[in-house]
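Take a look at the structure below.
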Amino acid sequence: MRLSRYFLPTLRETPAEAEIVSHRLMLRAGMIRQESAGIYAWMPLGLKVLRKIEQVVREEQNRSGAIELLMPTIQSAELWRESGRYDDYGKEMLRIQDRHERDMLFGPTNEEMITEIFRASIRSYRDLPLNLYHIQWKFRDEVRPRFGVMRSREFLMKDAYSFDLDKEGARASYNKMFVAYLRTFKRLGLTAIPMKAESGPIGGDMSHEFIILADTGESEVFCDNSLLGLPTPARDVDFNSDLSPMVDNWLSYYAATSEMHEADRFAAEVPDERRVTARGIEVGHIFYFGTKYSAPMGAKVAGPDGEEKPVHMGSYGIGPTRLAAAIIEASHDDNGIIWPASVAPFDVGLINLRTGDEATDSACSKLYAELESDGVEVLYDDTDGRAGAKFANMDLIGLPLQVVVGPKGLAENTIEVKTRNSGERKSIPLQGAAEAIAAMVAEGKQSLDV
RNA sequence: CGGGGCAUAGCGCAGUCUGGUAGCGCACCUGGUUUGGGACCAGGGGGUCGCAAGUUCGAAUCUUGCUGCCCCGACCA
C-alpha cells in the first residue's frame with residue numbers, strides 16, 4: 001500500500017480524553033475514532049490489526065475442533081424470556097423495539113440463541129461433542145465505558161459454546177478450549193495466564209480467566225512466577241486425546257485474581273521469590289455452566305440408554321477488540337506501538353527519504369513490487385514529507401521492520417533495515433534486498449508461529 | 001448509579017472572573033528555500049464558541065434548562 005493513497009490519519013498530539021497508553025496510541029496511530037461513549041469506528045489500520053487478531057483466534061478455534069457460524073447482533077426478547085435472563089440482565093442490555101413494537105435487544109452474548117439453534121437440530125448424543133463459535137459484535141451498555149476499546153460498549157467477541165452429554169464430556173470440551181486459548185494468546189505475542197475465576201451459580205472449578213500482565217491492568221492478580229515460563233502446547237497437539245494432564249499442569253501453580261485470591265494459600269504454596277503480584281488484563285474467559293440454559297430451554301439429547309437429558313454446556317469468550325488494546329499495553333515504547341509480527345497491520349514500512357529523486361524513487365518502487373510479489377505486506381511511505389516526520393510516524397504505527405531508502409545509502413548501493421522491536425539498524429546491499437527482507441519477515445513471523 | 005470536571009477550527013489550548021471586531025501552536029492549502037529523526041520564509045483557507053431560552057444597545061463571556069464527553073468509585077469480554 002502506498003501511503004499517499006492510504007487513509008492513515010495519524011495525530012501528533014494526544015487527544016485529551018485518552019488516559020491509558022493503548023488508547024492514546026490507537027488514537028494517534030489513526031486506528032480508531034470514537035463515535036460515541038464506548039463506541040468506536042475502526043479505521044483502516046486498526047481494522048487490519050483486528051482482522052489479523054480474528055484470524056489467529058479463528059485458526060486456533062478451528063484447530064481445536066470448534067466450528068464457526070455467525071449469529072445476528074439483534075435478538076428477540078422471546079428467547080431471553082425463555083431462559084429468564086430478559087428480566088435478570090438489567091440495564092446493561094440494550095433493549096429496542098421494532099416497528100411492530102416487538103421487544104428486541106442488541107445481543108450482549110449468545111447463550112440463548114445458540115441453545116435455540118442447537119435444540120432445533122440435535123437430538124442424539126451421537127452428534128456430540130459439538131462446539132460452535134462465532135466472532136460477532138456485542139453490545140453491553142456499560143455504566144462507564146473507558147480506556148478506549150479496552151472497555152467499550154460495542155465490542156467484538158469470539159464466543160464459543162460447547163455441548164456435551166454429561167459433565168465429563170463438558171470437561172473434555174473445556175480442556176480443548178483451555179489449550180486452544182494458551183496457543184492463541186502465545187501466537188498473539190502475549191503471555192496469558194489462566195487464573196481461577198468466579199464460577200457463578202454453577203460452582204465447581206471450571207471457570208478460568210486468561211490474564212495478561214500489564215501495569216495498566218484493571219485488576220490485581222497473584223500468581224506463581226513459574227507460570228510465565230511454562231511451554232505452550234504444541235501446534236500438533238492432539239485435541240482428541242486426553243488433555244487433562246496438560247491442563248492440570250497449568251492449574252497446579254497458584255494463580256488468582258483479587259476476587260479469588262487466598263493470601264494464606266499464596267504464602268504457603270508459593271516460595272517467596274516466585275510470588276508475583278501484578279496488574280492484569282482479562283483477555284479471555286472460559287466457563288462451564290452445565291444445564292443452566294439447556295434445561296429451561298429444552299435442549300435435550302437422547303443418551304445411549306435412550307433417555308433424553310439436557311445437554312451440558314460451556315462458553316468461551318475472547319475479545320479481539322480488547323486484545324488489540326491489550327497487545328499495545330504489553331508491547332510499546334515511548335515512540336509508539338511495537339506490533340508482534342502475527343498481528344502487525346503491515347509487515348514492512350518502506351520509507352522513501354527523497355521522493356522526486358529518480359534513483360530513490362525507482363529503488364523504492366522496485367523493492368516495493370518485489371516484496372509485495374513475495375507476499376510481504378508493505379506500507380510504502382512515498383509522500384514527500386521530511387525524514388524525521390516519516391521516521392516518527394513509522395515508529396508510531398509500529399510495523400516490525402522499517403526499510404529506509406535514501407540517496408546516501410544508494411550511493412553505496414545499500415539500504416537500511418531497522419527492527420522496530422530492538423531498534424537495531426543495519427545496512428544491507430541493495431542487490432538481493434527484497435529476498436533478505438522477506439527472510440527477516442518470515443523469521444519474525446515464525447518466532448510466534450508456535 | 002453516586003462524586004468531580006470539561007465543552008472555543010481536525011488535534012492541543014488561551015480568551016470567560018471584569019460583556020464590546022474570536023485568537024495561538026500544530027495540522028491543512030499556495031509559492032519559494034530546504035531534505036537521513038517531527039525544517040524555514042511569505043501568503044492563505046477553515047468557527048452556528050455543544051444546544052435552547054433569558055438578561056443586555058451588545059453574550060464565547062452573565063442567568064436558567066438541556067445535551068454530549070472525560071475522570072474517581074461500585075459493576076463487566
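Note that the structure is a prediction, hence the values are computed from the model and not measured. Excluded from the calculations below are hydrogen atoms, water molecules and symmetry mates; all remaining heavy atoms, backbone and side chain alike, are included. In what follows, chains carry the letters A, B, and so on, assigned in the order in which the sequence lines appear, proteins first and then strands, with residues in each chain numbered from 1.
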Stretch residues 59-70 of chain A: residues that reach within less than 4.0 Å of RNA chain B through a heavy atom: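 None, since no heavy atom is under 4.0 Å.
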Could you check which residues of residues 152-162 of chain A get a heavy atom under 4.0 Å from RNA chain B? Sort them by number, please.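 A:Ser152, A:Phe155, A:Met157, in order of number.
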Hey, is the main chain of A:Ser294 close enough, under 3.5 Å, to the side chain of A:Arg119 for a donor-acceptor pair?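 Answer holds: no.
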Taking the inter-plane angle between the rings of A:Tyr380 and A:Tyr368 on a 0 to 90° scale, is it parallel (under 30°), tilted (30 to 60°) or perpendicular (over 60°)?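 The arrangement is tilted - the two ring planes meet at 30° to 60°.
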With the side chain of A:Gln34 defined as its heavy atoms from C-beta on, choose the nearest nucleotide among B:G36, B:A77, B:C70.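 Looking only at heavy atoms from C-beta outward on A:Gln34, the closest nucleotide is B:C70.
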Measure from the side-chain heavy atoms of A:Val404 and tell me the nearest of B:G12, B:G36, B:C71.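 Looking only at heavy atoms from C-beta outward on A:Val404, the closest nucleotide is B:G36.
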Would you mind pulling out the nucleotide paired to B:G73, Watson-Crick or G-U wobble, both distances under 3.5 Å?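 Here B:G73 is engaged in a pair, and the nucleotide opposite it is B:C1.
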Answer with base, sugar-phosphate or nothing: what part of the nucleic acid does [X] contact at a heavy-atom distance below 4.0 Å?
{"X": "A:Glu17", "answer": "sugar-phosphate"}
{"X": "A:Ala392", "answer": "base"}
{"X": "A:Thr14", "answer": "sugar-phosphate"}

I'd like to know if the side chain of [X] pairs up with that of [Y] as donor and acceptor (distance under 3.5 Å, no hydrogens or angles considered).
{"X": "A:Glu154", "Y": "A:Trp137", "value": "no"}
{"X": "A:Gln402", "Y": "A:Asp395", "value": "yes"}
{"X": "A:Asn62", "Y": "A:Tyr133", "value": "yes"}

Is there any protein nitrogen or oxygen under 3.5 Å from a nitrogen or oxygen in nucleotides 23-26 of chain B, and what are the pairs?
residue : atom : partner : partner atom : Å
B:G25   : N2   : A:Glu13 : OE1          : 2.6

